[in-house]
A.B. asks: 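The structure's right below; bear with me while I get my questions together.
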Amino acid sequence: MKQLLKHIAIIACLLSILMLSSCAEKDTPTPGIIAGFSQLGAESGWRVGNTKDVEAAAQNAGIQLMMRNAEQMQENQIKAIRSFIAYQVDVIILAPIVEQGWETVLTEAKDAGIPVLLIDRDIDAKDTSLYAGAIGSDFLAEGRRAGEFLMKKTEGMKSVRIVEITGTENSTPTRERTLGFRDALGGDPRFDITISVSGDFLRSKGRECMENILRETRDIDMLYSHNDAMTLGAIEAIEAVGLAPGKDIIIITVDGEQGAIDLLKLGKINCIVECNPMIGGQIMELVKKLAAGEAIPKKTYSTERVFTEWDEDLMSIPPRGY
Ligand code: GYE
């Protein structure tokens with residue numbers, strides 16, 4: 001009997017310790033930040049580099065990242081945002097594939113009290129309170145830089161027939177790289193943009209677009225391609241018909257992936273307008289502020305340069321990492 005009482009006392013004691021500790025757990029606030037990240041796809045080296053950089057930066061900052069890759073479909077991004085809301089994450093990071101169509105889901109996030117940080121691309125929403133802030137490149141400036149290089153490169157030429165391969169339709173980089181480029185050419189009648197088609201930022205489509213164009217005409221002075229992935233594809237098509245990229249056709253591209261830098265060194269690309277995907281560290285700083293309830297700037301731009309065939313430091317460009 002004595003033995004039994006002793007056992008009961010021990011069990012009761014253990015139970016009360018367990019109950020106390022579970023109460024204590026409930027009262028302790030969770031220190032970690034959870035961020036949901038809706039990445040739009042894996043269409044280019046830029047994008048893959050951007051994803052890796054954001055993941056590494058989250059890990060360094062001790063932020064738990066729920067990453068969903070939308071494989072180039074806006075509906076997948078909308079689903080991901082809804083799952084982040086259900087999960088009650090602290091911050092939503094969104095790289096929006098296109099500019100339109102975000103009002104409904106971002107209103108849901110706002111109603112749930114979850115701040116949204118736009119990265120890379122913008123959205124076209126009348127109500128700017130649907131997102132806390134945005135970080136990314138100045139795509140208009142990128143387009144202008146491409147145009148400025150072309151102006152210098154073609155000094156003395158009487159006419160310049162231009163082919164343009166644009167990125168994803170209705171996306172910010174496509175819209176602004178198109179505008180900025182034309183803006184820099186300033187209506188100079190020497191420049192004739194004879195063909196402008198979308199290659200959706202994909203290497204395979206860049207190649208396909210260029211093959212189709214070359215079937216129609218060889219009378220092309222320059223190619224302005226909105227990203228390196230499409231440029232690499234287009235260069236394959238140009239070489240396949242026996243033309244020399246960088247010589248027979250001036251090539252201007254955007255991003256600055258290692259593959260493009262290598263072709264710049266070989267003289268197959270004349271100019272690369274840099275677009276910097278390595279913004280993970282800055283993103284995490286903004287996420288921390290948002291999670292702490294602080295305000296952030298409505299727009300933060302990344303710093304970028306231009307690489308051209310005239311650069312003296314061409315051979316010493318450090319590895320790009322994407
Ligand atoms: O230039 C391209 C990618 O939105 C800036 O998307 C980004 C663009 C980048 O697919 O390579």
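Every value quoted in this text rests on a predicted model; they were computed, and no experiment measured them. For ligands, and for the atoms within them, numbers begin at 1 and follow the listed sequence. The analysis underlying the following values was restricted to heavy atoms, covering all of them including side chains, and did not include hydrogens, waters or symmetry mates.
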A.B. asks: Ignoring hydrogens and geometry beyond distance, is a side-chain donor-acceptor pair present between S198 and D200 at under 3.5 Å?
C.D. replies: no
A.B. asks: Mark up the atoms of ligand 1 that fall under 4.0 Å of a heavy atom belonging to N227, in ascending order.
C.D. replies: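 So the answer, numbered in order with elements, is 2 (C), 10 (O), 11 (O).
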A.B. asks: Can you name the atoms of ligand 1, numbered from 1 with element, that are less than 4.0 Å from a heavy atom of S44?
C.D. replies: 2 (C), 3 (C), 10 (O), 11 (O)
A.B. asks: With a cutoff of 4.0 Å, is P173 in contact with ligand 1, counting heavy atoms of the residue only?
C.D. replies: yes
A.B. asks: Looking at every heavy atom in both I93 and A35, which two are closest together, and how far apart are they?
C.D. replies: CD1-CB, 4.1 Å
A.B. asks: Is a side-chain donor or acceptor of D255 paired with a backbone partner of C275 at a separation under 3.5 angstrom?
C.D. replies: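 No: the side chain of D255 does not pair with the backbone of C275.
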A.B. asks: Can you tell me the protein heavy atom closest to atom 8 (C) of ligand 1 and the distance?
C.D. replies: R121 NH2, 3.7 Å
A.B. asks: What is the nearest protein non-hydrogen atom to atom 5 (C) of ligand 1, stated with its residue, atom name and distance?
C.D. replies: D120 OD1, 3.2 Å
A.B. asks: Can you sort out which atoms of ligand 1 are near R47, meaning under 4.0 Å from one of its heavy atoms?
C.D. replies: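 The list of qualifying atoms is 3 (C), 4 (O), 6 (O), 7 (C), 8 (C).
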A.B. asks: Enter the distance from D122:CG to L94:CG here, rounded to the nearest 0.5 Å.
C.D. replies: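 Going from CG on D122 over to CG on L94, the span is 10.5 Å.
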A.B. asks: With atoms numbered from 1 as shown, which atoms in ligand 1 lie under 4.0 angstrom from a non-hydrogen atom of C275?
C.D. replies: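 Result: 5 (C).
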A.B. asks: Can you list the ligand 1 atoms lying under 4.0 Å from a non-hydrogen atom of F139?
C.D. replies: 5 (C)
A.B. asks: Ligand 1 versus R177, non-hydrogen atoms closer than 4.0 Å: side chain, backbone, both, neither?
C.D. replies: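 Near ligand 1, R177 shows its side chain, while the N, CA, C and O stay back.
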A.B. asks: Can an N or O of H226 be found at a distance shorter than 3.5 Å from an N or O of ligand 1?
C.D. replies: no
A.B. asks: Can you see which heavy atom on D53 is nearest to which on P277, and at what distance?
C.D. replies: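 So the two residues come closest at OD2-O, 4.1 Å.
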A.B. asks: Which protein non-hydrogen atom lies closest to atom 9 (C) of ligand 1, naming both residue and atom, and how far is it?
C.D. replies: D255 OD1, 3.5 Å
A.B. asks: For atom 10 (O) of ligand 1, which protein heavy atom lies nearest, and how many Å away is it?
C.D. replies: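 Residue, atom and distance for the closest contact: E43 OE2, 2.4 Å.
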A.B. asks: Are the charged groups of E274 and R145 less than 4.0 angstrom apart, N to O?
C.D. replies: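 Judged by the 4.0 Å cut-off on N to carboxylate O distance, E274 and R145 do not form a salt bridge.
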A.B. asks: So, for T174 and G167, which heavy atoms are closest and what is the spacing to 0.1 Å?
C.D. replies: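 Nearest pair, atom of T174 first, then G167: OG1-C, 3.0 Å.
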A.B. asks: Go through the side-chain N and O atoms of N212 and E216 and say whether any donor and acceptor fall under 3.5 Å apart.
C.D. replies: no
